[in-house]
Amino acid sequence: MSMCRSNVQVTGANKGIGFAIVRALCKQLDNGIVYLTARNEERGREAVAKLSQEGLQPKYHQLDVTDRASVSKLRDFLKETHGGLDILVNNAAVAFKMEATDPFGIQATVTLATNFTALLEVSRALLPLVRPHGRIVNVASMSGPYAFKKMSQEVKGRFQAVRTEQDVEQLMKEFVDCANAGDHMSKGWPNSAYGTSKMGVIALTRVQAADIAKDKTKEDVLITCCCPGYVDTDMTSHKGSLTIDEGAVTPVYLALLPTGSSDYNGKMFSEKAVTNFW
């Protein structure tokens with residue numbers, strides 16, 4: 001990390017895995033300022049107060065990942081106040097419940113807007129600020145590989161062929177269009193908006209990592225993604241077997257990868273190990 005205090009941003013962090021990631025980074029970073037970001041200011045400040053009672057010192061900054069003005073505000077704040085960014089954990093995500101009655105097209109539209117498009121917009125805004133030795137961690141899910149397995153050979157092949165952010169965007173747009181038309185399955189897509197959104201994040205990670213490896217101004221910057229595991233949160237309707245602190249282990253491990261970990265760039269992790277599936 002640079003000589004100045006390292007600056008850390010965790011999105012969607014007022015509860016669940018994001019909250020636990022902030023807690024762990026506050027404990028493990030010797031010289032860092034950890035920002036707990038959340039859309040709702042009241043909930044974000046409550047979360048910060050809770051961690052303060054544990055003797056930790058995170059700061060709060062408002063961030064609605066789906067709101068470009070909010071993203072720009074955070075970018076400008078980081079630039080002006082800290083001159084850059086060292087660790088970004090893209091954790092914010094949504095998932096419809098199994099019993100949700102919304103039409104699949106709507107579920108796909110909403111899920112992809114937060115889990116893929118907003119993550120991409122946050123990355124595009126903040127990546128230019130990332131200093132040498134920085135770490136970007138995208139929280140994905142094993143539902144991504146499961147969704148990939150259910151894709152047609154043709155769709156799988158197109159994921160394997162992605163080279164640019166736009167390639168991945170195009171695939172995600174097609175999925176949403178097919179979901180709204182009601183023919184996503186006949187076109188070779190899985191019947192999971194959440195899984196497909198996370199497969200988009202995994203593909204995006206690979207593309208962005210390849211780009212950053214070529215950028216001479218981004219020495220030793222690594223972009224990885226991971227499955228935190230099946231965690232007991234609102235998102236799993238509290239069916240998960242892991243605590244939020246156990247769910248934070250792999251994302252935090254990746255956020256703190258030491259220099260010399262370049263082989264991990266672009267990879268997907270589960271339980272602190274690389275998972276190869278495509």
Side-chain angles (χ1 to χ4, degrees), residues 11-18 37-44 62-72 90-125 138-152 154-156 158-159 162 165-205 207 225 227-228 230-240:
T11 72
N14 60 288
K15 62 179 180 177
I17 297 166
T37 76
R39 184 172 48 187
N40 180 297
E41 179 150 359
E42 192 186 346
R43 285 188 207 132
Q62 196 276 338
L63 176 65
D64 178 350
V65 295
T66 63
D67 175 359
R68 283 191 175 190
S70 172
V71 174
S72 298
N90 282 313
N91 167 75
V94 296
F96 281 81
K97 303 289 184 214
M98 291 298 265
E99 61 275 12
T101 54
D102 314 66
F104 188 74
I106 289 182
Q107 293 192 30
T109 303
V110 172
T111 304
L112 272 287
T114 298
N115 298 6
F116 177 78
T117 308
L119 182 147
L120 176 57
E121 294 295 342
V122 169
S123 298
R124 281 176 174 162
N138 296 327
V139 178
S141 164
M142 286 314 280
S143 65
Y146 296 147
F148 182 75
K149 282 189 187 118
K150 292 196 163 75
M151 291 172 190
S152 68
E154 191 252 343
V155 176
K156 275 183 188 166
R158 290 178 62 205
F159 269 95
V162 294
E165 290 180 355
Q166 288 75 18
D167 290 344
V168 190
E169 275 185 293
Q170 181 57 34
L171 280 165
M172 296 293 101
K173 182 184 180 304
E174 265 179 49
F175 169 69
V176 171
D177 289 347
C178 291
N180 280 294
D183 62 2
H184 57 287
M185 290 174 83
S186 65
K187 294 272 176 74
W189 289 96
N191 199 32
S192 166
Y194 184 76
T196 303
S197 74
K198 292 301 190 178
M199 189 56 217
V201 169
I202 295 164
L204 182 68
T205 301
V207 165
C225 64
C227 171
Y230 194 39
V231 181
D232 177 0
T233 63
D234 291 351
M235 199 180 269
T236 62
S237 302
H238 299 285
K239 293 189 176 95

Just verifying a value: how many Å separate [X] [atom1] and [Y] [atom2], rounded to the nearest 0.5 Å?
X	Y	atom1	atom2	answer
Met151	Lys156	CE	NZ	9.0 Å
Asn14	Glu42	CG	CD	11.0 Å
Ser192	Phe175	OG	CZ	7.0 Å
Cys178	Met185	SG	CE	12.5 Å
Leu63	Glu41	CG	CD	12.5 Å
Arg68	Arg124	CZ	CZ	8.0 Å

Using the side-chain contact (heavy atoms from CB on, under 4.5 Å) rule, pick out the option among Leu120, Asp167, Leu112 that qualifies with Met172.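 With Met172 as partner, side-chain contact (heavy atoms from CB on, under 4.5 Å) holds for just one option, Leu112.
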
Check: [Y] main-chain N/O paired with [X] side-chain donor or acceptor under 3.5 Å:
X	Y	answer
Lys198	Pro145	no
Thr11	Ala92	yes
Thr196	Ala193	no
Thr66	Thr114	no
Asn115	Val94	yes

I'd like to check Leu119 versus Val201 (side-chain heavy atoms, cut-off strictly below 4.5 Å). Are they in contact?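 When only atoms from C-beta onward are counted, Val201 and Leu119 do touch, with a gap below 4.5 Å.
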
Do the side chains of Phe96 and Val110 get nearer than 4.5 Å, heavy atoms only?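 They are in side-chain contact.
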
Side chain to side chain donor-acceptor pair (under 3.5 Å) partners of Asp67, counting only residues at least two apart: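 In terms of side chain to side chain donor-acceptor pair (under 3.5 Å), with neighbours along the sequence ignored, Asp67 is linked to no residue.
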
How far apart are the closest heavy atoms of [X] and [Y], and which atoms are they?
X	Y	result
Ser141	Tyr194	OG-CE2, 3.8 Å
Pro190	His184	O-CD2, 3.5 Å
Ser186	Asp183	OG-O, 3.0 Å
Val65	Val71	O-CG2, 3.8 Å
Asn91	Gly18	ND2-CA, 3.3 Å
Cys225	Thr205	CB-OG1, 3.5 Å

Looking at Glu174 and Lys187, does any basic side-chain N land under 4.0 Å from a carboxylate oxygen?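 No salt bridge links Glu174 with Lys187.
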
Please work out which of the three classes, parallel, tilted or perpendicular, describes the rings of Phe159 and Trp189, given edges at 30° and 60°.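 The arrangement is perpendicular - the two ring planes meet at more than 60°.
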
Could you give all pairs that pass the salt bridge (Lys or Arg N to Asp or Glu O under 4.0 Å) test and reach residues 231-240, with sequence neighbours left out?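 Every pair satisfying salt bridge (Lys or Arg N to Asp or Glu O under 4.0 Å) with a residue in residues 231-240: Lys15-Asp234.
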
Taking side-chain hydrogen bond (donor to acceptor under 3.5 Å, both in side chains) as the cut-off, I'd like each qualifying pair that reaches into residues 100-113, sequence neighbours left out, listed once.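 Passing the test, one end in residues 100-113: Thr109-Asn180.
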
